**Q** 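I'd like to ask some things about the structure below.
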Amino acid sequence: MRVLVAEAEDRVAEGVAAALRRAALTVDTVHDGSAALAALRQGAYDVLVLDQELTGPHADEICRHLAEQGLPTRVLLLTAPGAGQEPAEDAEPGAGHRLARPFAHEDLLGRVLTLGRPGRPVRPQVIERAGVSVDTARRLALRDGRPLALSRTEFGVLEVLLRAQGAPVSGDELIEEVWEEHTSYRTNAVRVALGRLRAKLGDPPVIETVPGGGYRMGDGAAAEGRAGTESGTGPGGEAAGMAPGAVAEGP
């Protein structure tokens with residue numbers, strides 16, 4: 001799930017973002033209305049956490065933009081203390097729910113998860129291919145019944161590849177689905193995460209590099225001998241010039 005937090009106060013925005021990221025959500029933050037509109041035009045967000053007092057343009061203009069453009073983004077409006085929790089009759093167009101300040105991060109997370117679910121296709125909870133499976137509800141990953149200790153990023157990459165069911169997934173698509181908005185392509189973040197993921201999955205290799213097309217989950221046998229052929233990787237799939245276990249991006 002992708003969430004945009006549009007909150008004028010940096011400290012509040014970062015606190016909300018941190019709470020949502022702990023629940024494995026992808027979160028971007030902005031601090032004024034112009035930046036919020038720009039982000040909404042550039043990316044597809046499931047939920048917008050919106051400061052009612054946001055300026056330039058105001059929160060009601062942002063909600064009106066969502067309604068006029070027919071965007072599916074749901075809105076959680078953060079209001080002043082005592083403003084009430086549910087939308088009033090004259091609420092901004094597109095405002096799905098209101099949450100009065102001060103609020104607990106657990107309450108906000110529950111609202112965001114609820115808003116992000118309605119009207120969306122139900123995805124299978126457990127996805128499996130070539131003996132590798134992920135349980136998205138319990139955040140568990142297995143290889144031939146063996147539990148895998150994966151970071152949030154590694155789990156996200158594996159989930160995207162499994163959902164593709166053997167179809168190629170480009171590096172750009174992985175960045176879009178798993179990483180935060182401002183990840184630099186120059187960090188080789190995708191290659192490093194894939195190197196660690198391949199090492200944890202073990203043999204036989206199941207993640208293939210598709211020339212000019214990105215990566216795919218093979219059937220186990222077809223990937224043999226091809227997993228480590230991508231340019232710039234060495235034994236175990238680590239990026240060239242990096243020590244084993246070196247970190248080039250966040251967990």
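Given the structure is predicted, the values throughout are model-derived calculations rather than measurements.
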**Q** Hey, what do you get for CD (E154) to CG (L201), rounding to the nearest 0.5 Å?
**A**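 That separation rounds to 9.0 Å.
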
**Q** Find out whether L99 and L77 are in side-chain contact, i.e. whether some heavy atom of one side chain is under 4.5 Å from a heavy atom of the other.
**A**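 They are not in contact (no side-chain heavy atoms under 4.5 Å apart), so the answer is no.
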
**Q** Given 3.5 Å as the limit, does a donor-acceptor pair link the side chain of H58 with the main chain of G33, or not?
**A**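 Checked: no pair found.
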
**Q** Do V47 and L109 belong to the same hydrophobic cluster, where Ile, Leu, Val, Met, Phe, Trp and Tyr are linked whenever their side-chain heavy atoms lie under 4.5 Å apart, directly or via other members?
**A**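 V47 and L109: one cluster.
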
**Q** Is L37 close to E61 at the side-chain level, that is, under 4.5 Å between some pair of heavy atoms?
**A**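 No, their side chains stay 4.5 Å or more apart.
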
**Q** So do the side chains of P147 and L140 get within less than 4.5 Å of each other, counting heavy atoms only?
**A**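 Contact flag for P147/L140 side chains = no.
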
**Q** Using the side chain to side chain contact (heavy atoms under 4.5 Å, CB included) definition, which of the options L115, T26, L25, V27 pairs with M1?
**A**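 Among L115, T26, L25, V27, the one that satisfies the side chain to side chain contact (heavy atoms under 4.5 Å, CB included) with M1 is L25.
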
**Q** Quick one: CG on L194 to CG on L174, what's the gap to the nearest 0.5 Å?
**A**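 Nearest 0.5 Å value for the CG-CG distance: 6.5 Å.
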
**Q** State, to 0.1 Å, how close V190 and G171 come at their nearest heavy-atom pair, and which atoms those are.
**A**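 That closest heavy-atom pairing would be CG2-O, 4.0 Å.
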
**Q** Just how far is it from atom OG1 of T209 to atom CZ of R216, taken to the nearest 0.5 Å?
**A**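 These two atoms lie 11.0 Å from each other.
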
**Q** Look at the side chain of E173 and the backbone N and O of S170, then say whether any donor-acceptor pair between them is shorter than 3.5 Å.
**A**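 Looks like yes, one N/O pair under 3.5 Å.
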
**Q** Would a distance-only check, ignoring hydrogens and angles, find a side-chain to backbone donor-acceptor pair under 3.5 Å from R198 to I207?
**A**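 Yes, the answer is positive, given that a donor and an acceptor are paired below the 3.5 Å cut-off.
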
**Q** Establish whether V157 and L148 are linked, either directly or via other cluster members, by ILVMFWY side-chain heavy-atom contacts under 4.5 Å.
**A**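 Shared cluster, yes.
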
**Q** Find out whether V134 and V126 are in side-chain contact, i.e. whether some heavy atom of one side chain is under 4.5 Å from a heavy atom of the other.
**A**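 V134 does not reach V126 side chain to side chain.
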
**Q** For A8 versus D51, what's the shortest heavy-atom pair and its separation?
**A**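 Minimum heavy-atom contact is N-OD2, 3.3 Å.
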
**Q** Kindly indicate, with the supporting measurements, whether the criterion salt bridge (charged side-chain N to carboxylate O under 4.0 Å, His left out) is fulfilled by R101 and E7.
**A** CA-CA 12 Å; R101 305 169 192 266; E7 163 63 50; 2.8 Å; yes

**Q** Check V206 against V132 and note the closest heavy-atom contact, atom names and distance.
**A**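 Scanning both residues, the minimum pair turns out to be CG2-CG2, 4.1 Å.
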
**Q** Could you tell me whether the side chain of R139 and the main chain of A24 form a donor-acceptor pair under 3.5 Å?
**A**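 Not confirmed, R139 side chain does not pair with A24 backbone.
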
**Q** Quick one: pull up OH in Y215 and CZ in R191 and give me the separation to the nearest 0.5 Å.
**A**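 If I round to the nearest 0.5 Å, the distance is 5.5 Å.
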
**Q** May I ask you to decide if A149's main-chain N or O and K200's side chain share a donor-acceptor pair within less than 3.5 Å?
**A**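 Checked: pair present.
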
**Q** Looking at CG of D28 and CZ of R2, how far apart are the two atoms once the value is rounded to the nearest 0.5 Å?
**A**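 Between D28 CG and R2 CZ, I get 5.5 Å after rounding to 0.5 Å.
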
**Q** Would you indicate whether the side-chain heavy atoms of Q165 and I127 approach each other to under 4.5 Å?
**A**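 Counting from C-beta outward, I127 and Q165 do come under 4.5 Å.
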
**Q** Would a 4.5 Å heavy-atom cut-off, applied to side chains only, mark L76 and V112 as touching?
**A**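 SC-SC contact between L76 and V112 confirmed.
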
**Q** Let me confirm one number: the CD-OG distance from E159 to S133, rounded to the nearest 0.5 Å.
**A**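 Between E159 CD and S133 OG, I get 12.0 Å after rounding to 0.5 Å.
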
**Q** Restricting to non-hydrogen atoms, name the atom on T29 and the atom on A13 that form the minimum distance, rounded to 0.1 Å.
**A**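 Minimum heavy-atom contact is CG2-O, 4.1 Å.
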
**Q** Side chains of H65 and R41: closer than 4.5 Å at any heavy-atom pair?
**A**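 Contact flag for H65/R41 side chains = yes.
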
**Q** Can you tell which of L48, L4, D46, V3 makes a side chain to side chain contact (heavy atoms under 4.5 Å, CB included) with T73?
**A**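 Of the listed residues L48, L4, D46, V3, the side chain to side chain contact (heavy atoms under 4.5 Å, CB included) partner of T73 is L48.
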
**Q** Any side-chain heavy-atom pair from L50 and L78 closer than 4.5 angstrom?
**A**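 No - every pair of side-chain heavy atoms lies 4.5 Å or more apart.
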
**Q** If I compare all heavy atoms of V160 with all of E177, which pair ends up nearest, and what's the gap?
**A**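 That would be CG2-CB, 3.8 Å.
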
**Q** Taking all non-hydrogen atoms of both residues, which atom of I62 and which atom of A36 are closest, and how far apart?
**A**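 Reported closest heavy-atom pair: CD1-CB, 3.9 Å.
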
